[in-house]
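In what follows, chains carry the letters A, B, and so on, assigned in the order in which the sequence lines appear, proteins first and then strands, with residues in each chain numbered from 1. Below, all heavy atoms of this structure are taken into account, side chains as well, without hydrogens, waters or symmetry copies. Quick caveat, the model's predicted, so the values are computed rather than measured.
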Amino acid sequence: MTALLHVDMDQFVAAVEILRRPELRGRPVVVGGAGDPTARRQVVSTASYEARAFGVHSGMPLRRAAQLCPEAVFLPTDPAAYGEASERVMAVLRRFPVDVEVWGWDEAFVGGDIADPEALAAELKAAVFAETGLTCAIGIGDNKLQAKMAARFAKPGGIHRLTTAGWMAVMGERPAADLWGIGPKTSRKLDELGLHTVAQLAAAPEADLVDRFGPRQAAWLPVVAAGGGDTQINTEPWVARSRSRENTYAEDLSDLDVISREVAAMARALTAEVVADGREITHVAVKVRYVSFFTPTREMKLRSGPTTDPEAVEQAAVSLLAKFEWRRPVRLLGVRVNLAMPD
DNA sequence: TCTGGGGTCCTAGGACCC
DNA sequence: TCTGGGGTCCTAGGACCC
């Protein structure tokens with residue numbers, strides 16, 4: 001069985017910022033929101049390793065991060081810069097005689113005819129650093145799951161290999177929640193069934209899982225726990241199935257006219273973006289988060305068929321507002337459009 | 001110092017038709 | 001005077017990932 005690699009950039013967003021501000025190297029850096037540590041309702045996108053040492057992590061409110069690490073440098077997120085840096089990294093990987101499957105900004109699977117995976121990993125790492133100034137960890141495995149998990153052991157900046165033969169010795173006693181694809185909800189359900197470790201889940205009869213998880217997940221869970229997984233590297237360019245905008249407001253909204261205008265503006269902006277990409281819109285969805293954090297969504301298929309007409313999309317989005325209750329203020333509004341898949 | 005933003009995929013229930 | 005299934009479309013929600 002030929003190995004495949006998972007390339008995972010180290011603290012990617014923070015690393016891109018440090019690259020253009022070398023004086024920040026070695027300091028705690030927190031990237032998130034507009035970069036204002038006093039702002040409400042904004043969270044950490046990425047913390048540098050130095051900031052993580054203070055307990056700062058992704059998803060944490062910026063104000064909490066500032067409390068834990070007052071000396072940190074706070075920076076606004078700059079998605080365009082991260083996208084460009086990502087392109088440079090992926091271009092380096094693609095120059096090697098391998099198949100590359102891009103996975104978000106800062107990750108990629110690498111496969112193909114790989115004779116010596118450790119040697120290839122070392123070459124990739126060196127080339128990425130030489131040409132972009134960014135470091136990465138590389139995991140090697142017999143499939144994507146193993147490579148992805150191996151990259152965690154390799155972080156930061158190392159190379160680590162997992163194999164089917166060695167999987168259980170390394171992973172068996174770890175919590176099932178460590179596995180890629182098992183989040184907090186699934187992990188809690190597994191705990192309730194007495195399945196706490198990877199080894200226990202791997203040995204669980206599918207019949208014991210079906211009631212709790214349904215047939216598909218019940219079949220999949222023990223396979224993942226045993227270190228099984230997909231080996232297919234998909235080199236096709238990414239084609240988005242949907243695009244969305246959402247905004248959490250620093251101050252709650254109650255006025256339906258204001259809400260309506262906000263939703264209309266998001267719908268128009270989204271339409272402009274996807275039309276610029278040559279895509280057509282099939283469905284429109286609106287998301288509302290009340291102050292209670294209850295977050296319903298309402299969605300509709302456009303009856304007139306796939307469209308590029310901003311008027312139609314705006315009108316659909318605004319019409320969906322009638323399906324919500326407006327007794328309580330809202331903290332978030334969002335619009336999503338589903339896209340027709342090209343042939 | 002209450003809880004971001006942008007995605008994907010799966011499931012489940014109701015409507016409707018045969 | 002009541003009983004089926006199956007199949008597909010549509011919408012809502014849940015879970016997970018980065």
Original post:
Do the side-chain N or O atoms of A:Thr248 get closer than 4.0 angstrom to the phosphate oxygens (OP1, OP2) of B:dG5?
Top reply: yes
Subject >> Nucleotide nearest A:Lys185 (side chain, heavy atoms from C-beta), chosen from C:dG13, B:dT11, C:dA15 >> reply: C:dA15
Original post:
Name the one of A:Met266, A:Arg245, A:Glu246 that satisfies side-chain contact (heavy atoms from CB on, under 4.5 Å) with A:Leu333?
Top reply: A:Met266
Original post:
Given B:dG4, is OP1 or OP2 found less than 4.0 Å from the side-chain N or O atoms of A:Arg331?
Top reply: yes
**OP:** Please work out the stems of DNA chain B from pairs that are Watson-Crick or G-U wobble with both distances under 3.5 Å, keeping only runs of three or more consecutive pairs.
**Re:** B:5-18 with C:5-18
Original post:
Touch check for A:Trp105, heavy atoms < 4.0 angstrom, all strands: base, sugar-phosphate only, or nothing?
Top reply: nothing
**OP:** When you get a sec, tell me which of B:dG4, C:dC10, B:dG5 is the closest nucleotide to the side chain of A:Arg303?
**Re:** C:dC10
Original post:
Within the structure, does a side-chain N or O atom of A:Lys148 lie under 4.0 Å from either OP1 or OP2 of C:dC18?
Top reply: yes
**OP:** Scan A:Gln217 against the nucleic acid and name what it touches under 4.0 Å (heavy atoms): base, sugar-phosphate only, or nothing.
**Re:** nothing
Original post:
Do the rings of A:Phe324 and A:Trp326 sit parallel, tilted or perpendicular, given the 30° and 60° boundaries?
Top reply: tilted
Subject >> A:Phe109 and A:His6 aromatic ring geometry - parallel, tilted or perpendicular at 30°/60° bounds >> reply: tilted
**OP:** Taking only the side-chain nitrogens and oxygens of A:Arg41, find out if one of them lies under 4.0 Å from OP1 or OP2 of B:dG4.
**Re:** no
Subject >> Short side-chain N/O contact from A:Ser244 to OP1 or OP2 of B:dG7, under 4.0 Å >> reply: yes
Original post:
Where the side chain of A:Arg243 is concerned, which of C:dT11, C:dG13, B:dG7 is the nearest nucleotide?
Top reply: B:dG7
Original post:
Under 4.0 Å between a side-chain N or O of A:Arg289 and OP1 or OP2 of B:dG4?
Top reply: yes
Original post:
Do we get A:Arg94 above A:Phe96's six-membered ring, with its NZ or CZ under 6.0 Å from the centre and within 45° of the axis?
Top reply: no
**OP:** Tell me which nucleotide among B:dG5, C:dG13, B:dT8 gets nearest to the side chain of A:Glu246.
**Re:** B:dG5
Original post:
Can A:Phe293 be classed as stacking with the base of B:dT3, given a centroid separation cut-off of 5.5 Å and a plane angle cut-off of 30°?
Top reply: yes
Subject >> Among C:dC10, B:dG7, B:dT3, the nucleotide that comes nearest once only the side chain of A:Ser242 is considered >> reply: B:dG7
Subject >> Anti versus syn assignment for B:dC2, with syn defined as within 90° of 0 >> reply: syn
Subject >> Between B:dT3 and C:dC18 - P atom distance, rounded Å >> reply: 24 Å
Original post:
Between A:Asn247 and B:dG5, is there a side-chain N or O to OP1/OP2 distance below 4.0 Å?
Top reply: yes
**OP:** Go through B:dT8, B:dT3, C:dC18 for me and flag the one nearest to the A:Arg241 side chain.
**Re:** B:dT8
**OP:** Please work out if A:Met60 contacts a base, only the sugar-phosphate, or nothing of the nucleic acid, heavy-atom cut-off 4.0 Å.
**Re:** nothing
**OP:** Look at the side-chain N and O atoms of A:Arg298 and state whether any lies under 4.0 Å from the OP1 or OP2 oxygen of C:dT11.
**Re:** no
**OP:** For A:Gly104, answer base if it contacts any base atom (sugar-phosphate contacts may also be present), sugar-phosphate if it contacts only those atoms, and nothing otherwise; contact means non-hydrogen atoms under 4.0 Å.
**Re:** nothing
**OP:** May I ask you to check whether A:Trp105 and A:Trp238 place their ring centers less than 6.0 Å from one another?
**Re:** no
Original post:
Are A:Phe54 and A:Val13 grouped together when hydrophobic residues (ILVMFWY) are joined by side-chain heavy atoms under 4.5 angstrom apart?
Top reply: no
Subject >> From NE2 (A:His57) to CG (A:Leu68), nearest 0.5 Å >> reply: 8.0 Å
